Amino acid sequence: QQPVQSPQAVILREGEDAVINCSSSKALYSVHWYRQKHGEAPVFLMILLKGGEQKGHDKISASFNEKKQQSSLYLTASQLSYSGTYFCGTASGSARQLTFGSGTQLTVLP
Amino acid sequence: DAGVIQSPRHEVTEMGQEVTLRCKPISGHNSLFWYRQTMMRGLELLIYFNNNVPIDDSGMPEDRFSAKMPNASFSTLKIQPSEPRDSAVYFCASSSHPGDGYTFGSGTRLTVV
């Protein structure tokens, strides 16, 4: 079953912050986050394993709440280069292959 | 490292024709995935190989689709016969371990007319 992402789209000004959420009805083993620019392939950002960890990557960080089966991606002080579609991918149970959400389109304006 | 290499980048074919998409994963990566992306359905997993063995092919739409991985450095996805509804971008991805981050290839944009 596909994880649910919200919001579907968000428009920001440079320097503003954004949060993208991903939730699943299944018990999650891991959550991945990817960014895809128009006409390109998805690019891996980070992976979070069950245990409620939080990770950071420059000004992009994420959290994983295992109990709620939710993950959030935090983009702080957004840059123009952050524009793209963000996908969460989830793995459940013993399966390791990912099921992707429908994506959140992020647009950063100057 | 050249990354995951897919060919062709674009393919236009007529309905009923056979189409073969190719993928070379990153050397040392044991897991290979085929995904299809469309506006309507997003990124869908078609099939997943681990150590060249198909583990999950539940996403393969129907018997018209088949995938093989004869060795660790090559995989094919074949559609026979192709139909207009197969038009999509097909991505191959690989990872060093099933639970690791995926590296996607550039994709093959398939158009069936």
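We name chains A, B, ... by the order of the sequence lines, and we start the count at 1 in each one. Side chains included, hydrogens not; waters and symmetry mates left out as well; all remaining heavy atoms used. Treat the numbers as computed from the prediction; the structure is a model and nothing was measured.
Neither side chain, A:Gln70 nor A:Asn65, offers a donor N or O lying under 3.5 Å from an acceptor on the other. Counted by atom type alone, A:Gln5 and A:Ser102 present zero donor-acceptor pairs between their side chains at under 3.5 Å.
With respect to B:Glu83 and B:Arg64, a salt bridge is recorded, a charged nitrogen being found less than 4.0 Å from a carboxylate O. Salt bridge annotation for A:Glu16-A:Arg13: absent, with no cationic side-chain nitrogen under 4.0 angstrom from a carboxylate oxygen.
With a 6.0 Å radius and a threshold of 12 heavy atoms from other residues, nucleotides or ligands, A:Gln2 has its CD atom above the threshold.
Contact annotation for A:Leu45: neither backbone nor side-chain heavy atoms come within less than 4.5 Å of a heavy atom of chain B. Proximity to chain A involves both the backbone and the side chain of B:Leu43, based on heavy atoms less than 4.5 angstrom apart. Heavy-atom distances place the side chain of B:Gln37, and not its backbone, under 4.5 Å from chain A.
The residue among A:Phe87, A:Tyr34, A:Trp33 with the most heavy atom pairs within less than 4.5 Å of chain B is A:Tyr34. Between chain B and the residues A:Thr99, A:Val43, A:Leu98, the most heavy-atom pairs under 4.5 angstrom are made by A:Leu98.
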